[in-house]
Amino acid sequence: MTNPEPNPESRVFVRKKRANNTLEIKAEVPKTEPPEEKKLRDLPDIEEFAYGKVKGSASLRQSKPTVDELSTGCGETVSIMPKVEAPTNWEQVLEGIRKMRSSEDAPVDSMGCEKAGSVLPPKERRFAVLVSSLLSSQTKDAVTHGNSGAVQRLLQNGLLAADTIDNAEEAVIKDLIYPVGFYSRKASNLKKIAKICLLKYGGDIPSSLEELLSLPGIGPKMAHLVMNVGWNNVQGICVDTHVHRICNRLGWVSRPGTAQKTSSPEETRESLQLWLPKDEWVPINPLLVGFGQTVCTPLRPRCGMCGINNLCPSAFKETASPVSKAKKSRPTQKKS
DNA sequence: ATCCCGGTGC
DNA sequence: GCACCTGGAT
């Protein structure tokens, strides 16, 4: 097969199993025959596993190492760790959330910038996706804040293209996109974005993450969304506050090298991308957003009605009613 | 870390 | 009235 590894002789494949906190190391150093394909296929992605870093590697490389040699004889001289390991039962967790989501209606279901300009030619459609993303950014959801209506009004007024927006008065844009959140700032950003797209990208939108991020009002969350939906090019997971919160509650992400929660959506994105198979990168967002809107809410999550409360390490741990922030210490709520 | 438009809900 | 929401900007 197409083995991507450059130097098979120096490779050490390892797995770390977390059952009972015991560490199991499996090593395979191919000599004449390739590594067993079956075992490699169990791994989510070959790139996600670190190469064995061998200190004093001469003996290891010359003698054929076995599991015993690695764990006993060479155990301390070999640093073999997978970069990350997928959390236990993550697939059951996702399936459980999918089941909950299939019966519930969340606001996220009725929105989505992917609908924006779906009847337009590609370039116009992409621009509509960008505008829709900008308008829906930093708002609770598109429906209650009139995002889709705003896009419609822009379209009906011929103001869903870089050149026309560039020529339009900012006040006109502002009135048309009202009542989306931050409509004033967004009108200003929209004018700037239109000019940039016109001058630098021929009226199209930037096709790289970096260039999208350089646009005013476009941060990581929307940049990844636009890459996913606008260009059908998945560069990363679109992590919003729901994905951030839920992944931490599930113990799916952590600060690098620690078991602590991630401190920002960006940190969550990087941590999540280390193990989540790429097939799930796009669907994870609407799935967890809907779950976060209906069940795993920021305040008082409905753990009692949650179908995965048996799999969630945070289940029933935030059920105390936070009456006030001042009362941080709540001695009566803690058991033993 | 703090601010933010403005709608919402406590 | 006041805090909250939300992701980008500073």
Side-chain angles (χ1 to χ4, degrees), chain A residues 106-113 116 129-151 153 170-171 173-194 196 205-206 209-230 235-249 253 255 260-272 284-286 288-302 318 320-328:
Chain A
V108 67
D109 294 332
S110 52
M111 62 169 281
C113 70
V129 167
L130 177 63
V131 171
S132 180
S133 299
L134 178 77
L135 296 188
S136 65
S137 163
Q138 296 158 284
T139 65
K140 193 169 297 182
D141 68 71
V143 177
T144 59
H145 287 270
N147 173 19
S148 56
V151 176
R153 288 191 294 278
E170 187 172 315
I173 307 288
K174 191 168 156 184
D175 290 342
L176 285 174
I177 66 177
Y178 184 88
V180 298
F182 300 92
Y183 60 88
S184 188
R185 176 172 305 172
K186 283 173 181 175
S188 167
N189 285 337
L190 195 46
K191 288 281 294 178
K192 293 174 186 167
I193 286 176
I196 294 169
I205 71 173
L209 198 63
E210 197 174 36
E211 291 168 304
L212 284 169
L213 284 170
S214 74
L215 301 176
I218 300 295
K221 196 257 184 183
M222 290 305 161
H224 281 104
L225 183 63
V226 172
M227 286 303 291
N228 294 350
V229 177
Q235 294 287 304
I237 300 170
C238 181
V239 173
D240 61 17
T241 183
H242 297 284
V243 177
H244 176 54
R245 175 184 69 256
I246 293 167
C247 285
N248 275 292
R249 281 178 177 167
V253 293
R255 308 191 72 162
Q260 299 173 329
K261 293 183 172 186
T262 56
S263 54
S264 69
E266 270 294 89
E267 204 169 56
T268 295
R269 183 182 60 77
E270 292 176 353
S271 182
L272 191 56
I284 192 82
N285 178 272
L288 292 193
V289 170
F291 179 54
Q293 288 170 333
T294 57
V295 178
C296 197
T297 50
L299 192 60
R300 288 188 272 268
R302 327 265 206 274
E318 300 179 38
S321 61
V323 178
S324 102
K325 277 185 175 176
K327 276 182 94 176
K328 269 186 187 172

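Values reported hereafter were calculated over all heavy atoms of this structure, with side chains retained and with hydrogens, waters and symmetry mates removed. In the text below, chain A, chain B and the rest are named by the order of the sequence lines, each starting its count at 1.
- For S263(A), the side chain to side chain donor-acceptor pair (under 3.5 Å) partners two or more places apart in sequence, or in a different chain, are E267(A).
- To the nearest angstrom, C1' of dT6(C) lies 15 Å from CG of N189(A).
- No contact: P265(A) has no heavy atom under 4.0 Å from any strand.
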Would you tabulate the nitrogen or oxygen pairs shorter than 3.5 Å linking the protein to nucleotides 3-5 of chain B?
from, atom 1, to, atom 2, distance (Å)
dC5(B), O2, F182(A), N, 3.1

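- Distance L209(A) CG to dG8(C) C1': 15 Å, rounded to the nearest Å.
- Of the side-chain N and O atoms in H242(A), one or more sit less than 4.0 angstrom from OP1 or OP2 of dT6(C).
- Residue I177(A) contributes atom CD1, which lies 13 Å from atom P of dG7(B) at whole-angstrom precision.
- Across all their heavy atoms, D240(A) and H242(A) have their closest contact at OD1-N, 2.9 Å.
- With sequence neighbours excluded, the residues forming a side chain to side chain donor-acceptor pair (under 3.5 Å) with T268(A) are H244(A), T262(A), listed by chain and number.
- In this structure, L225(A) places its CG atom 15 Å from C1' of dG8(C), rounding to the nearest Å.
- Taking the side chain to side chain donor-acceptor pair (under 3.5 Å) definition, one finds that R255(A) meets it with nothing, sequence neighbours left out.
- In this structure, K192(A) atom NZ and dG8(C) atom C1' are separated by 13 Å, rounded to whole Å.
- Panel note: side chain N285(A), backbone C238(A); a donor-acceptor pair is recorded below 3.5 Å.
- With sequence neighbours excluded, no residue satisfies salt bridge (Lys or Arg N to Asp or Glu O under 4.0 Å) with E211(A).
- L213(A) has its CG atom 13 Å from the C1' atom of dG7(C), to the nearest Å.
- Rounded to whole Å, the separation between the P atoms of dC10(B) and dT6(C) comes to 15 Å.
- Evaluation of the side chain to side chain contact (heavy atoms under 4.5 Å, CB included) rule for C296(A) yields I246(A), R249(A), F291(A) as partners, not counting sequence neighbours.
- Per the geometry, CG belonging to L135(A) stands 14 Å off C1' belonging to dG8(C), to the nearest Å.
- The distance from atom CG of L288(A) to atom P of dT6(C) is 14 Å, rounded to the nearest whole Å.
- The side chain of P298(A) lies closest to dC5(C) when the candidates are dG8(C), dG7(B), dC5(C).
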